[in-house]
Structure formats: structure tokens, C-alpha cells
Amino acid sequence: MKRVGILTGGGDCPGLNAVIRAVARRSFSRGWEVVGVQDGWRGLVENDMTSLTAREISGLLPRGGTILGTSRTNPYRIDGGADRVLRHFAEAGLDALVAIGGEDTLGVAARLFEENQLPVVGVPKTIDNDLSGTDYTFGFDTAVAICTEAIDRLHTTAESHNRVMVVEVMGRHTGWIAVMSGIAGGADVILIPEQPITVEEACTELRKRHDRGKNFSIVVVSEGYKLTYEAGGQQEVTQEATLDQFGHVRLGGVGELLAREIEERTGYETRVTVLGHVQRGGSPTARDRILATRYGLKAADLVHEGRFGQMAALQGDAIVDVPLREATAELKFVPPDRYEVARAFFG
Ligand code: F6P
């Protein structure tokens, strides 16, 4: 009989509850107990945990958000935080922990495993899809579907008014959401952090298109794109200067500045839509439900086999496992050839 803790950390995303359900169902079938840790690492720092039974996990598969709550608490930024995590883990009689999160949450898991042998396994979550070691994180497909639907809707109103529509999507370090929803939605220009085309180049593409007789355009910009100019220099657009416990600024607002630049430089009437947290809300797509379920079962199996320090991952169509350290060592950027697919349709 084992006692398995589960936590969800970082920004929420659709599919978290589906993972919790899968870990719990497989654990129950082995006769184990399952404990929910509240609000990510905060629950272990502050000893805030509750038992999960069949009742709590019922009806979770299609439900967005996380029943466990989430936070960006970093135990290593709190005095004695890591020690408190280890003490509360032991006092709760836990044998294993399943940490569901992105680079930050899993980075903490990797360190606790390496430095203190915490028996932890990871599940890769983030709408940004920027974790290494896995082809896809769950939550990403849903975010791309939401953005694609928004782009489709913006197309019809853009066309009616002869406007340029700038759509700002999430993606703190990488342009995965922008590129994939831009390809799916037929964007005319896409700006991402990895391949920063200049504002001037973006305007040239729009002019080319309008010269071909098209009088409306869709521009997708990733929140992490730094405004880049031919003369050199880049400007990151942030909401506020304060950093979270993992050292991240709050991004947002680049769409507005880009829209102004486009309107001034081209004379085309331009509007901006910021999709924001809509991208993280609501029910997961079927693909994300299935991926989350497969990850959850894999995580429970890794616990069963005592293979700690590993993360469930998708490679091709196979669920495999990779070391947490490897998955969190560097970010996974949009490869140039994927951007080229999008670029073939610019202008
Ligand atoms: O990491 C996921 C993410 O949605 C990023 O794309 C975005 O920059 C950030 O989280 C927003 O965080 P918050 O929910 O704290 O505003």
C-alpha cells in the first residue's frame, strides 16, 4: 500500500483534472491512497493537503482548471522552503509525489529529486508547449484550438471592414501557439520570439497582400515577441516590472503597440484582440484529454516501478519517460522549418 501525493503548479491549463483522475484511478486500482496537495508547491511548504477519494475525482475528465488549485510558489525562494517540503512530505506519510507542471514546477521537482532524493515523477503541462523531452505538453492543443477559432472569427469581421486584425496570443518564451494557430487559421503574418521578423518586414508583407487586391489581413503575434526594427534594437513589452518567484515578468501589450505601428506605417485601419487567459480556460479538446490520461497512467506506473526523477513524455505517438533534469534543462523552441510552413503563406 502506497500513499501518493499529486500537485499541480504554474499556470493552469485544460487537462490538469484529467491527469489527476488518471493518476488516482490507476492508484486506486492498486489499492493505494491518493493525497491532493493544494496550490502546487505551496501545499507542501505550508502542509496543506487533503485525501482524494473516488468521489472527488468523479466527473473530472472534461473539467477545465484544476481541483487542486495552483500557484507559482517556488520553495527555493522561501526561507527553509525546500526543507519544509521534505518535512511535510514525510509527516504526511507520502511514498511518492506526482508533480504536474511546466519548466518551473518540474525544475523544482528535478532539484528536490537530485539533491534530496524526493521520490517524484513529473507530468508535462503548459499551453506554451515549450518543455523539452516531449513532443507535446497537454493543454497546448486546446489553446491552439481556441486561438484558431478566434482567428476564424476575426477573419469575417476583418473582411467586412477592410481592416488589419492583430491577435496577441500567449507564449512566454516561445511562439508555438502563435505558429500553430496561425498556420491553422491562415494568418498573413506571424511574429514570434524565436524568429523575430522586423516591424518593417511585417508591414511589407501586408502591403504585398493589399497590392494583390486583398483588403484585410490577420497578424498573429506572440506575447513574447520583442518589437524588432530594421535599425536594430528590440523592445520587450511587459505589464509590470515585478517578477514572480521564478523570476518571470508579466508579459502582454505587444499587440497594441504592433497594431499602432502597422496603422501608422501602412495607413490600413488596424484593430487588436488580446486572447489572454481565455486560452487557458474551459474544457480540454479530445486530444488533450487523451494525452493527459495517458500521461497520468504513465506517471502512476513510474511510481509503481519506483522510477523516480523521470517525467512522462510523448515521442512520436509513444508515451515514454525522460529524466526530469533533461526535460527542464532547456526550453523547446519552434524549429525554423515549422516557421517556414507559416511563412510560406505570409503576404
Ligand atoms: O506559462 C503559461 C502562461 O500562460 C504563459 O503563456 C503566460 O505568459 C503566463 O502563463 C501568464 O501567467 P499568469 O496566469 O500568471 O498571468
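Start at 1 and go down the list; that is how both ligands and their atoms are numbered.
Within the structure, ligand 1 lacks Gly102 among the residues with a heavy atom less than 4.0 angstrom away.
Aromatic ring orientation, Tyr268 versus His210: parallel (interplanar angle below 30°, classes split at 30° and 60°).
When side chains are defined from C-beta on, Pro336 counts as touching Gln195, because their heavy atoms get closer than 4.5 Å. Counting heavy atoms from C-beta on, the side chains of Leu251 and Gln239 never come closer than 4.5 Å.
Under a 4.0 Å criterion applied to the non-hydrogen atoms of Glu223, ligand 1 contributes the atoms 5 (C), 6 (O), 7 (C), 8 (O). The contact set between ligand 1 and His277, taken as ligand atoms under 4.0 Å from a residue heavy atom, comprises 13 (P), 14 (O), 16 (O).
A cation-pi arrangement is not found for Arg325 relative to Phe113, the charged atom failing to lie both closer than 6.0 Å to the ring centre and inside a 45° cone about the ring normal.
When heavy-atom distances to ligand 1 are checked against a 4.0 Å cut-off, His248 has no atom that comes that close, whether in backbone or side chain. Residue-level proximity to ligand 1 for Ile127 is carried by the side chain, the only part with a heavy atom below 4.0 angstrom.
Note on residues 10-23: pairs passing side-chain hydrogen bond (donor to acceptor under 3.5 Å, both in side chains), not counting sequence neighbours, are Asp12-Arg280.
Closest to atom 3 (C) of ligand 1 among all protein heavy atoms lies Arg280 NH1, 3.5 Å. The protein atom (non-hydrogen) at minimum distance from atom 5 (C) of ligand 1 is Asp128 OD2, 3.5 Å. Annotation: atom 12 (O) of ligand 1 to nearest protein heavy atom, Arg72 NH2, 2.7 Å.
Closest approach of Leu16 to Thr8, counting heavy atoms only: CD2-CG2, 3.8 Å.
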